[in-house]
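Step one of this worksheet: look at the structure below.
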Number of protein chains: 2
Amino acid sequence: MPGSAHHTGRRSDALTRQRIVEAAVAILDAEGERGLNFRRLGRELSTGPGALYHHVAGKDELLSAATEVVLADVIPTGDARGDDAVREVALAVFDAIDAHPWAGTQLTLTPTHPTLLRIFETLGGHVRALGMPRSAEFAAASALLNYVLGVGGQNAANARMAPAGSRGDFLGSAAATWAQLDPAEFPFTRDVADQLREHDDREQFLAGVDLILAGIRALGVTRR
Amino acid sequence: MPGSAHHTGRRSDALTRQRIVEAAVAILDAEGERGLNFRRLGRELSTGPGALYHHVAGKDELLSAATEVVLADVIPTGDARGDDAVREVALAVFDAIDAHPWAGTQLTLTPTHPTLLRIFETLGGHVRALGMPRSAEFAAASALLNYVLGVGGQNAANARMAPAGSRGDFLGSAAATWAQLDPAEFPFTRDVADQLREHDDREQFLAGVDLILAGIRALGVTRR
DNA sequence: ACCTGAACACCGTTCAAGT
DNA sequence: ACCTGAACACCGTTCAAGT
């Protein structure tokens, strides 16, 4: 933090793109997509809504920038290889969306988001290292990305329905609903109601990643 | 409409929930989420926006009902078994979302949508028939559903960016962008740019389903 | 009971006027 | 150049008044 000696209040700081995006992230984390609007954001930064347009193009760009902020640094660039490397990347994205559900919504809504490209590249690199035929790499990396985004989107939607720490209640009542379904029409869902109540989202997410990884080995890997 | 003494408007039929939902589907199919609003819908049905609230609770319920209309009947209840049955269900959902992208967005946004329960049940029933251990069935069915929803969400987002028949151009220019990426930073994505241009969405979707199915066989099937 | 459409409460965005 | 906030154009929803 270089610069000014007097640090008396936030009003003394100039309005910058970075401060706007950070304030947006704070509002989004605290209240979700619904809480963010330009009047509210202006109030938070002690200015009017119009001022923000000197630094961001509009709401879409603001949401995109906020998503970038919370996702850009989470993709691991460690030295893990093979299945573990894929798991590590997938989990990092899962955890980031779990912490910032609105970012998950955003990613599923904007297929051109720069962060998606970086996730795809990282997954693809690790998939390539598994030794599939070239012709199957693209499909495998896409499958992993789409699965991660699918879970992220559902996670974000669930967070919207059970915002606070009411997650347990939400799962519990959903499980109760499942348990009371007509056994003739919903035999499977009824049977797994207990597993819904007790399951761990993160573990189950990883189980899905492992399923795809096992499929890659079974279908695609050149002999080892 | 000559001779009509009591009915002064030009509306030929009474306003019903079904007619409203059908008109909404028509607008959504023609112009996407952006084209649907209560004033427009009222105009289409020769009435004011307020009249619609006598038949639908609000916009959320209207979108939910519209999604149900285009997805309820597509889930196959045929006599396919095993992997083919799973593929059939997944493809049916894929095709429905491909034909009505806004419905894909809706499904990824509302995890409690009744259609999701039916898709989950159907997938789960077919997964169970594969003979996995009970403890793994829930995770496998969830993985399939999340993958289907992930692809559906991305598909819907792509449709929003390339609305008309401009899909080829969209893919082409995306592939061109990928081909020009920095080979040091994006080696994988750069290499698969050609595959992006030439790939078939439906085939690639099915490849992902097959990956998960192969994983189920490799990891979970009881028969050894 | 059903319908009507003006009115209300928002919210993204613009722009003339200020510093 | 940057900021301000009133104003504009929407849009979901409500409601008093009509049939």
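These numbers come from a predicted model, not from an experiment. First the proteins, then the strands, lettered A, B, ... as listed; each starts at 1.
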Please give, in whole Å, the distance from [N] [atom2] to [X] [atom1]?
| X | N | atom1 | atom2 | answer |
| --- | --- | --- | --- | --- |
| L15(A) | dG5(D) | CG | P | 13 Å |
| R40(B) | dA9(D) | CZ | C1' | 18 Å |
| R19(A) | dC2(D) | CZ | C1' | 14 Å |
| E33(B) | dG12(D) | CD | P | 13 Å |
| L45(B) | dG5(C) | CG | P | 13 Å |
| Y53(B) | dA1(C) | OH | P | 21 Å |
| R17(A) | dA1(D) | CZ | P | 20 Å |
| L63(B) | dC11(D) | CG | P | 14 Å |

Between [options], which nucleotide gets closest to the side-chain atoms of [X]?
| X | options | result |
| --- | --- | --- |
| P49(A) | dC11(D), dA6(D), dC11(C) | dA6(D) |
| H54(A) | dC2(D), dC2(C), dT13(D) | dC2(D) |
| H55(A) | dC3(D), dG12(C), dT13(D) | dC3(D) |
| N37(A) | dT13(C), dT13(D), dC11(C) | dC11(C) |

Does [X] reach a base, just sugar-phosphate, or nothing at all? Heavy atoms under 4.0 Å.
| X | answer |
| --- | --- |
| L62(A) | nothing |
| G58(B) | sugar-phosphate |
| L52(B) | nothing |

My understanding is that a pair needs two contacts under 3.5 Å, Watson-Crick or G-U wobble. By that rule, which nucleotide pairs with dT13(C)? dA7(D)
Looking at dC2(C), which nucleotide sits across from it as a Watson-Crick or G-U wobble partner, both distances under 3.5 angstrom, or is there none? dG18(D)
What about F205(B) and F94(B), are their ring centers closer than 6.0 Å? yes
Aromatic centroids of W178(B) and F120(A) separated by under 6.0 Å: yes
Carboxylate-amine/guanidinium proximity below 4.0 Å for R118(B) and E68(B): yes
Between R39(A) and E44(A), does any NZ, NE, NH1 or NH2 come within less than 4.0 Å of an OD or OE carboxylate oxygen? no
Are side-chain N/O atoms of Q154(A) and T108(B) paired as donor and acceptor at under 3.5 Å? no
Specify the residue among R39(A) and A51(A) whose closest nucleotide of DNA chain D lies further upstream toward the 5′ end. A51(A)
